[in-house]
Amino acid sequence: MSSTETLEVVCPHCSKPFASPLMGSGRHSGFKCPHCKLFVPVDRAGDSGAN
Ligand SMILES: [Zn+2]
C-alpha cells in the first residue's frame, strides 16, 4: 500500500527500541534513532546482543 515501511528496531548505540521508516537504499539504508539521534545502519538494527 505504502512505499514507506516502518520497522521496529533496537538502537545499537543506546539499546532503546524505536519504530522508524527505512531511509536510504542498499548498503546505505538505515534508521535515525530518535533517542540518541545517531544513524543506525539496517545491518545493525535488531541486533540481539551478539557482540
Ligand atoms: Zn539510539
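Remember, it's 1-based here, ligands and their atoms both numbered in the order they're listed.
- Taking distances strictly below 2.8 Å, the protein N/O/S atoms close to the Zn ion (ligand 1) are C11 SG, C14 SG, C33 SG, C36 SG.
- Pairing each heavy atom of H35 with each of P17, the nearest pair is NE2-O, 3.4 Å.
- Closest approach of F31 and M23 over heavy atoms only: C-CE, 3.8 Å.
- The distance from atom NZ of K37 to atom SG of C14, rounded to the nearest 0.5 Å, is 10.5 Å.
- The two atoms that bring F39 and H28 nearest to each other are CZ-O, 3.6 Å, heavy atoms only.
- Linking ILVMFWY side-chain heavy atoms closer than 4.5 Å, directly or via other members, places V42 and L7 in a single hydrophobic cluster.
- Between C33 and V40, the shortest heavy-atom distance links the atoms CB-CG2, 4.2 Å.
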